[in-house]
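Notes follow the structure.
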Amino acid sequence: MILAMGVMLAGCGRSNERPDFLTAHEWVHYGSASNETISFGEDGHFAFYGDEGNPVGNSDLYDRYSYDSESKTIKLKPEGDMKIKVLRHEKSRLLLDIDGDVKEFFDGKDERIAGGAPQNLEYDLDNVASGFGSYLAIIRKDGSKIVTAPANYDGDDPEFKEYELSEKLVDHATFYSWVYDVDESGMDVKSNCRKVTEKEAAKMISDGAAVGFVWYNEKAEITKIVFWGSTVTQ
């Protein structure tokens, strides 16, 4: 009987955790319209809001959370329809499945990667980057594996090596090259997005300076990458 009670109590403890990887960071997702911050307090407080403090979706219906390490699920209170699952967490990076929408969050307290947010998304007139999960530097590709890092990755800085992460591509992942030209006034924008082969994508990565928008599935596998670049015409 005592042993059975001990097992039950251990199980309850696993489902009521507030681990450091959630509480010790300021988790920010760089979105196309605005940034989103998700907060997991040491006291169990939960919040999910945009740049102006407005709640994301119906997240204001919930104000408490707990973490189940067995299922890797974040349980919100009061109970409702919103579901959050932790797909992975590495140094300053947290990948969450929020109601089927997979997003990567970065630690806003980590000054080294503070410059990794996407720039000039106001020029995305064709919504090429709409719904992306993360914005990353693509360092290397080896078969179905690619190495990613925060977008402001500096290969000459050895401390950035700690941020590299090997990730898996799905079979038949899709790749695109998106380039837009902007005149000096910032008014005349010409955008071109074309699909590229996996071989072309591998060459873009091996040539260096590859950065792009990344989409994930619910298994934390990369399904799509849009490499991007821009020029200013005179």
Side-chain angles (χ1 to χ4, degrees), residues 28-36 50-51 87 93 95-98 100-106 113-155 160 163-234:
V28 181
H29 170 70
Y30 302 123
S32 54
S34 68
N35 296 336
E36 299 172 353
D51 283 339
L87 300 184
R93 297 174 63 177
L95 191 67
L96 299 179
D97 182 342
I98 305 176
D101 189 11
V102 180
K103 299 178 177 180
E104 184 162 37
F105 292 77
F106 295 89
I113 61 173
Q119 305 295 319
N120 298 325
L121 279 177
E122 65 269 23
Y123 295 128
D124 187 9
L125 304 179
D126 299 319
N127 296 317
V128 172
S130 178
F132 69 92
S134 193
Y135 176 69
L136 299 166
I138 315 297
I139 311 301
R140 292 184 299 278
K141 181 179 183 300
D142 182 12
S144 64
K145 296 282 188 178
I146 65 169
V147 176
T148 67
N152 63 329
Y153 178 87
D154 182 354
F160 264 102
Y163 295 84
E164 293 184 4
L165 180 64
S166 178
E167 306 201 60
K168 188 178 186 305
L169 292 165
V170 298
D171 293 337
H172 310 298
T174 53
F175 305 93
Y176 295 82
S177 174
W178 174 38
V179 179
Y180 58 75
D181 299 321
V182 184
D183 70 7
E184 289 181 309
S185 70
M187 300 297 292
D188 185 19
V189 180
K190 295 179 181 178
S191 179
N192 177 43
C193 183
R194 65 181 182 89
K195 190 172 184 179
V196 297
T197 65
E198 185 169 353
K199 184 176 181 180
E200 289 175 306
K203 186 176 188 309
M204 293 170 68
I205 296 169
S206 65
D207 286 344
V211 66
F213 300 89
V214 176
W215 283 256
Y216 292 93
N217 64 16
E218 69 282 356
K219 296 179 181 179
E221 299 168 329
I222 293 174
T223 62
K224 172 182 169 183
I225 300 176
V226 175
F227 301 98
W228 84 276
S230 65
T231 60
V232 177
T233 58
Q234 298 181 350

Between Asp97 and Tyr216, is a side chain to side chain contact (heavy atoms under 4.5 Å, CB included) present by the stated rule, with each step listed? CA-CA 9 Å; Asp97 182 342; Tyr216 292 93; over 6 Å; no
Shortest non-hydrogen contact from Trp228 toward Gly212: CD1-CA, 4.2 Å
Nearest 0.5 Å please: distance from the OG1 atom of Thr148 over to the CD1 atom of Ile222. 6.0 Å
When you compare the side chain of Phe105 with that of Val28, does any pair of heavy atoms fall below 4.5 Å? no
If you apply the rule side chain to side chain contact (heavy atoms under 4.5 Å, CB included), what do you find for Phe106 with Tyr135, and how did you get there? CA-CA 10 Å; Phe106 295 89; Tyr135 176 69; over 6 Å; no
CG/Asp124 to CZ/Phe213 distance, rounded to the nearest 0.5 angstrom? 7.0 Å
To the nearest 0.5 Å, what is the distance between CD1 on Ile225 and CE on Met204? 9.5 Å
Ignoring hydrogens and geometry, is there a side-chain-to-backbone donor-acceptor pair from Asn217 to Lys219 under 3.5 Å? yes
Side-chain contact test, heavy atoms from C-beta onward, threshold under 4.5 Å: evaluate it for Leu136 versus Glu167 and give yes or no. yes
Would Ile113 and Arg93 satisfy side chain to side chain contact (heavy atoms under 4.5 Å, CB included), going step by step from the backbone distance to the final call? CA-CA 10 Å; Ile113 61 173; Arg93 297 174 63 177; 5.6 Å; no
Atom NZ of Lys168: over 12 foreign heavy atoms under 6.0 Å: yes
Rounded to the nearest 0.5 angstrom, the OG1-CG distance for Thr223 and Asp171 is 12.5 Å
What closest approach, in Å, do Ala137 and Pro150 show between heavy atoms, and which atom pair accounts for it? CB-O, 3.6 Å
Ser166 OG to Asp142 CG distance, which is reported to the nearest 0.5 Å: 8.5 Å
So, for Tyr30 and Ala114, which heavy atoms are closest and what is the spacing to 0.1 Å? OH-O, 4.2 Å
With a 4.5 Å limit on heavy-atom distance, are the side chains of Lys141 and Leu169 in contact? yes
Residue pair Trp215, Val226: steps toward the side chain to side chain contact (heavy atoms under 4.5 Å, CB included) verdict: CA-CA 9 Å; Trp215 283 256; Val226 175; 3.5 Å; yes
Treating Asp181 as the side-chain partner and Lys190 as the backbone partner, does any N or O pair qualify as donor plus acceptor under 3.5 Å? no
For the residue pair Phe175 and Thr197, establish whether any side-chain heavy-atom pair is separated by less than 4.5 Å. no
Flag side-chain contact, heavy atom, 4.5 Å: Glu104 against Leu95: yes
Output field: ring centroids Tyr163/Tyr153 closer than 6.0 Å: no
d(Cys193 SG, Tyr180 OH) to nearest 0.5 Å is 12.5 Å
Minimal non-hydrogen separation, Ser34 against Asp51, with atom names: CB-OD2, 3.5 Å
Taking the side chain as every heavy atom from C-beta outward, state whether Phe132 and Pro118 have any pair of such atoms under 4.5 Å apart. yes
Ignoring hydrogens, what is the shortest heavy-atom contact between Gly31 and Leu121? Give both atom names and the distance. O-CD1, 3.8 Å
Partners meeting side chain to side chain donor-acceptor pair (under 3.5 Å) with Lys224 (sequence neighbours left out): none
